[in-house]
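Report on one structure; see the data block that follows.
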Protein chains: 2
Amino acid sequence: MTTICVDVMGGDREPQVVLDGIAAALEADADLSVLVAGPQDVVVPFCAHHGRARALVCTEAIAMDEHPAEAIRAKKDSTIVRGCAAVRAGEADGLFSAGSTGAIFAAATLGIGRIRGIKRPAIASALPGASGRQTVMLDLGANADVRPDVIVQFAQMGRAYAHVVLGVDSPRVALLSNGTEETKGSELALSYRRALDEADPDHAWFAGNAEGVDLLAGTHDVIVTDGFTGNVALKSLEGTAKYLLREIRRLTSESKRAAMGALMLKPVLKEVARGLSGDELGGAVLLGLKAPVLIGHGDTSVDAVKNGTIATAVAVRGGLVDKVAQAITRGID
Amino acid sequence: MTTICVDVMGGDREPQVVLDGIAAALEADADLSVLVAGPQDVVVPFCAHHGRARALVCTEAIAMDEHPAEAIRAKKDSTIVRGCAAVRAGEADGLFSAGSTGAIFAAATLGIGRIRGIKRPAIASALPGASGRQTVMLDLGANADVRPDVIVQFAQMGRAYAHVVLGVDSPRVALLSNGTEETKGSELALSYRRALDEADPDHAWFAGNAEGVDLLAGTHDVIVTDGFTGNVALKSLEGTAKYLLREIRRLTSESKRAAMGALMLKPVLKEVARGLSGDELGGAVLLGLKAPVLIGHGDTSVDAVKNGTIATAVAVRGGLVDKVAQAITRGID
């Protein structure tokens, strides 16, 4: 039995959405049990009516816009802080929350702790791509400043994640840069390039440079960058998706014919939006910690909670933490 | 009469596309004359049949994938090198080419020269946004490494462009970062932030930080960053647009109903794609040079050439170069 702690107060949605997601996950996965973190009146009745669900009663919740470090210091009885403590104590094997990424990152780094030898944990996500091939991208914003030796660790952590969760054999890693030629890059990106070339002189797993246009092309297993560049790139993707869907909506409203077309195309547009929302992927993952921690979008859904909870269990069962630990000492092959 | 040199060999399309674009521009703008740069058999017959068109016969062309610095050194009789020389000699007031951005940037910096006081020219583009409001973004890749004092010049050049070409009064500038709070940023981004705060302590025109999600939101007049980050962000936008349109096409092919919807929505999807392609905007602009130089997309169209040629003339008539020169010495207001 794999036990995942799920935060009922994470995200902008009603706790009921998360509860429905947990119920769906329990139904889909008979080897799953859930430690349900939230207020007494929400989680106790739910657990009374569901097998393999246990309540973790918390009196506080951290809002999406609170300052991460201050919030986790002030709210010791919040679902995020208590969830991390439960994982540390062995009451759960992993954590899923759709709450504030910053707060979860801070609470998990402090409360669950880093794997020995990991210099900096990172935030990763599996981006959708052409022909259904996903690309693991990291760091998405945990570390604005990253040293070259840390980028090499990020590369290895990304490979471990692609291997365990996406099932890719011998994943290859590219460095995000402003051109594919090896001479391209800022001084910082060139220092990353040198470190990766040194770590893998034969390019057994280092695939050279990638560009922003490759992020959703499905052409790379892993794309690595620092948290500043990763955050800018990820938010550029999100902004473009929003822009395009908004423009389609606006232009559609101007023509009856287009409006009818849009109506017929609605399932397609919805599926495209879902592909980018992370709902199917369960969101972002923290790599480098002693247990798997997955973060869903704040604007979560029943499916997102279900898939996120199961993906956390898959990461536990696949030995993600051991693989990350191995990867940074001797590579994953 | 404003004379713009247009490169017939720029881009991946047939010269005929460019010729048709020039003809359309000449028809639309009675105060425009064009110096048509290209091979004799292409440009001479065209100019014989069009008033206000003069031939600049060149025997060479620089391909999109040639190394910029090497190509401009080796191909002295290429349309790009000769076009820049014609601008320097006063035979044309500005240049429009859909050729290699790197080659045009290198040839123009060398051949046309920087405005006195400009430390580094930059590549800017007007991105589409919500409610038709455009956002000028720079640097898009000319300078991978940028010092804080140069970022302040970029900000002023971006303001001059927004003022002259987009008609924005007192444009405001935001700094691209990984969060809107002033404490957010890599060490480098924070050094940019300090320089901008110092240049405009009252925030008369400096609007603080912007995020990747703001690039297409139409919420800022100008967003400034270094060429490394700008290139990654721009290519992330392009990649996302490609991904979404490809996904819509793929999912559409799986359902008859969706296919019919897509057919009815086709004009809308085309308009959305055009909005991002730069066709309406005429592409990117080089700022900091002694004459306006505009760069169209390699995959150009008749409309793109027409609009790009006219936009170059608008930049000449609006005194873009003088405005940029003023902006970096005493601001544009």
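To find a chain, count down the sequence lines: A is the first, B the second, and so on, and within it residues start at 1.
For residues 174-181 of chain A, a heavy-atom distance under 4.5 Å to chain B picks out A:Leu176, A:Ser177, A:Asn178, given by residue number.
The line from CD of A:Glu211 to CG of B:Leu234 is 10.5 Å long, rounded to the nearest 0.5 Å. How far OG1 of A:Thr240 is from CG of B:Leu244: 8.0 Å, rounded to the nearest 0.5 Å. In this structure, OG1 on A:Thr183 lies 6.0 Å from NE2 on B:His67, to the nearest 0.5 angstrom.
B:Val213 and A:Gly239 get closest at one heavy-atom pair: CG2-CA, 3.7 Å. In plain terms, the two heavy atoms of A:Ala144 and B:Gly185 that are nearest each other are CB-O, 3.6 Å. Pairing each heavy atom of A:Leu216 with each of B:Arg246, the nearest pair is O-NH2, 3.2 Å.
For the pair B:Ile248 and A:Ile248, the minimum side-chain heavy-atom distance is below 4.5 Å. Between B:Phe228 and A:Thr229, some side-chain heavy-atom pair lies under the 4.5 Å cut-off.
Residues that satisfy the salt bridge (charged side-chain N to carboxylate O under 4.0 Å, His left out) test with B:Asp145, not counting sequence neighbours, are absent from this structure.
No more than 12 heavy atoms of other residues, nucleotides or ligands shown are found within 6.0 angstrom of NZ on B:Lys242.
Of the atoms belonging to A:Ala217, it is backbone heavy atoms, and not side-chain ones, that fall under 4.5 Å from chain B.
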